[in-house]
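Take a look at the structure below.
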Amino acid sequence: MDDHSLSNVRNIGIVAHIDAGKTTTTERILFYTGKIHKPGEVHEGDTTTDFMVQEKERGITIQSAAITCEWKGRTVNIIDTPGHVDFTMEVERSLRVLDGAVCVFCAVGGVQPQSETVWRQADRYRVPRVAFVNKMDRMGADFARVVEELRTKLKANACPVELPIGKEDGFVGVVDLLEMKGIVYDEASEGKNFTVGEVPAELKDEAELARAELCEKIADIDEGVMEAYLEKGDLTADELRGAIRRQVVAGAFVPVLCGTAFKDKGIQPLLDAVVDYLPAPTDRPPVAATDLKSGTAVTRNHDPKELLTALVFKIASDTYGRLFFVRVYGGVLKKGANAYNPRTKKRERVMKIVRLFADDRTEVDELRAGDIGAIVGLKDATTGDTLCAEMKPCYLERITAPQPVMFLAIEPKSGADKDKLVDAMNELAAEDPTCQVRQDEETGQTILSGMGELHLEILVDRLKREFKCAANVGKPMVSYLETVTAPASSSFTFDRELGGKRHAVTLTVEVKPLKRGKGREVQVARDVLNALPDPKLAACIEQALMDGVMTGVLARFPMTDLSATATRVEIVDPEISDEIALRGAAMMGFREAAEAAAPEFLEPIMKLEITTPPEGVGEVLGDLNARRGTVLDMEQRGDMQIVHARVPMAQMFGYATAIRSLTKGRASYSMEPDTFDLAPRAVREELLAR
């Protein structure tokens, strides 16, 4: 792929709140680009990107799926992402490698909780966006309100580039504000045929005002057209198109389009917006990396002639074996060649390379800068690893996974199935960083952690169906964390005879609390490094400290928001102050220090949005109060009341049934993880008693 063709590539994601219509929109894109001959429907379980059995059964997207299509001479690589909060990691790692995104919003629901989450994720990775207001044919659809919510809730510099023609079930097309033309769709042709004509008379004044606002907003932020706008008071369609592209690429502007994917209207203009406004890899700034040897910041250009730089952003298993999804930022990844993994400091051989079309694979010989594909044959790579040129190794920023909020105990039905179950769970954990597997040392149980009840349900279902593992499964429980609230230190002397040999050392461990959300830090002080007989022994101290952090001191929950540092070591004798002694001293020293540092439990707090009729507000608020919830604010949306609240995860079991009962089935809700807060005394006592 030369530089010219690289400029014709668009790597985009389709992201949104659950049920906003991402998969249906993706299906129509594939239909109108000629990739499929008949669009599938989510409710019929025959869509291209929802190919997992669980996705077909539930009518939701669980795994992100990559597909490629062509539109007006451009190659569009699309990743359709999940909308359910339990699978937010799929969105996170997709946005990490994409150049642009189409954010889909429901014309009735507007900016919903998961919409805000994916918007923040896109902000974090500076991903340029276009907004598509879907479901314009639904009762209660309000395009203007959704645009206003984009501005107020998401703080986006959003402005329509289209207006809807008709309302609710009378929605028939859109007004193109750049060309000032009306586009009316022919339903009999499944949206393939449409008529481009004059703006309907009843919309002429509104369209002229909307175009004037668009020109003014663009001229305010784009110097390239400001002079022309000041001279003429207007801009041509080409001037607007070029300026919109520049500002979208810069992340300063969000064009808003509308349509209804299910009723086949508005998708072709959306595709035009993707190729006209969203960036090619060559439009993006060079990717930031860190030189492995010097630790200094370096950059890699989006260029096939650059040194190889690629990121493993996802792992999946299929008939090919384990597939490693990669985005190539620079250079060329070739079949049969070696790539260097700076985390493991090992070469990895690329056995096969495949391009992806949902669950179909096509073997190719190489992936070049700007490409997204999958490779087979890596042995030690994990999600977030960099593959680079060994002559000048560098590493990209890793993908961080959110902390699991629920867990369950799982065990094989028979002893013969134990190894098979462990291997299967490790396979799931390798694919999904939010799926964590650990062994409870006291009970001997295997603990499977995830992002919510649905996530755990899907994981268990996959163990049974895909891996044929029969297992006994406990009830889902809230995944608490532990932390410390004060600094403390402890000196521990490990002096034992094991296997006929003495192991002895004294190690001082210091523990300090960190700000909420900072995570875990373990380190070995310089004085300890200098005193060790072999500097390589520092790694075993760090590992022992991390083992202590992950097993906790109150009730075996992992600890977070703390630092643990080995600050001093007393070597008895280099022969007996060995790895075993240092591990034991570090582990026990950490436990003593953490127990002295006022340890506390952290409980997961969920952000909750409830949509209820006004007459149900009193019951809903009373129920929230009983669940230790905190109401943040309330707003009116049409004839419904929206309640925003924060509630402990432990109080949300069975909430779907409860809210239906409280409001005679008229209310709905959605929630997402917000943060971890200190648990109140009653919860602490209950957990310790348990």
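Throughout, numbering of the chain's residues begins at 1 and tracks the sequence.
- Counting heavy atoms from C-beta outward, F557 and L602 have side chains that stay 4.5 Å or more apart.
- Atom OG of S449 and atom CE of M406 lie 10.5 Å apart (nearest 0.5 Å).
- Residue D547 comes nearest to R583 through the heavy atom pair OD2-NH1, 4.4 Å, listed as atom of the first residue, atom of the second, then distance.
- Salt-bridge formation is detected for the pair E363/K335: a Lys NZ or Arg NE/NH1/NH2 atom is positioned less than 4.0 Å from an Asp or Glu carboxylate oxygen.
- A side-chain donor-acceptor contact under 3.5 Å links E70 and T75.
- Applying the side-chain contact (heavy atoms from CB on, under 4.5 Å) test between V312 and each of I399, L387, L396, T383 identifies L387 as the sole match.
- Atom CD of E510 is separated from atom OG of S489 by 6.0 Å, given to the nearest 0.5 angstrom.
- T567 and T565 share no donor-acceptor pair across their side chains, judged by distance under 3.5 Å alone.
- Distance alone, capped at 3.5 Å, is enough to place a donor-acceptor pair between the R349 side chain and the G336 backbone.
- Taking both residues in full, the closest heavy atoms of S577 and P533 are given as O-CG, 4.4 Å, listed atom of the first, atom of the second, then distance.
- Comment: D291 does not engage K392 in a salt bridge, judged by the lack of any side-chain N to carboxylate O separation of less than 4.0 angstrom.
- V376 has its side chain within reach of L323: a pair of non-hydrogen atoms, C-beta onward, lies under 4.5 Å apart.
- Judged purely by atom type and a 3.5 angstrom limit, D578 uses its side chain to pair as donor or acceptor with the backbone of A581.
- With 3.5 Å as the limit, one finds a donor-acceptor pair spanning the side chains of T68 and N77.
- A cation-pi contact, defined as under 6.0 Å to the ring centre and within 45° of the axis, is absent between R327 and F325.
- For the residue pair D283 and H302, no side-chain donor N or O sits within less than 3.5 Å of a side-chain acceptor on the partner.
- Under a 3.5 Å cut-off, the side chain of R368 and the backbone N or O of V332 do not form any donor-acceptor pair.
- Side-chain N or O atoms of R10 include one that pairs as donor or acceptor with a backbone N or O of L278 at under 3.5 Å.
- Here the straight-line distance linking atom CG of L308 with atom OG1 of T386 works out to 10.0 Å at 0.5 Å rounding.
- For the pair Q436 (side chain) and L448 (backbone), a donor-acceptor distance under 3.5 Å is absent.
- At least one donor-acceptor pair under 3.5 Å links the side chain of E306 to the backbone N or O of N301.
- In this structure, a donor-acceptor pair under 3.5 Å is absent between the side chains of Q247 and Y277.
- Summarising the geometry of L463 relative to A424, their closest heavy-atom pair is CD2-CB, 3.6 Å, with the distance given to 0.1 Å.
- Other residues, nucleotides and ligands contribute only 12 or fewer heavy atoms inside 6.0 Å of the CZ atom of R526.
- Side-chain contact between V354 and V364 is absent, with no heavy-atom pair separated by less than 4.5 Å.
- Using a 4.5 Å cut-off on side-chain heavy atoms (C-beta onward), E482 and L562 make no contact.
- In this structure, the side chains of D303 and T282 stay at 4.5 Å or more apart for every pair of heavy atoms.
- Within the 4.5 Å cutoff, the side chain of K314 has no heavy atoms near those of the S94 side chain.
- At least one donor-acceptor pair closer than 3.5 Å links the side chain of D385 to the backbone N or O of T382.
- Between K22 and I14, the closest side-chain pair of non-hydrogen atoms falls below 4.5 Å.
- When all heavy atoms of M451 and P404 are compared, the closest pair comes out as SD-CA, 3.8 Å.
- Under the 3.5 Å distance criterion, the side-chain polar atoms of D432 are left unmatched by any main-chain donor or acceptor of L428.
- Salt-bridge formation is detected for the pair D123/R129: a Lys NZ or Arg NE/NH1/NH2 atom is positioned less than 4.0 Å from an Asp or Glu carboxylate oxygen.
- Side-chain N or O atoms of D561 include one that pairs as donor or acceptor with a backbone N or O of G519 at under 3.5 Å.
- Taking the charged nitrogens against the carboxylate oxygens, E348 and K379 have no contact shorter than 4.0 Å, which rules out a salt bridge.
- Judged purely by atom type and a 3.5 angstrom limit, T560 has no side-chain atom pairing as donor or acceptor with the backbone of P558.
- With a 4.5 Å cut-off on side-chain heavy atoms, W119 and V254 count as touching.
- Nearest heavy-atom pair, P342 versus C388, reported as atom, atom and distance to 0.1 Å: CD-SG, 4.0 Å.
- A salt bridge links E427 to R322: one of the charged nitrogens lies within less than 4.0 Å of a carboxylate oxygen.
- Residues V328 and G331 approach most closely at CG1-O, 3.7 Å, considering heavy atoms.
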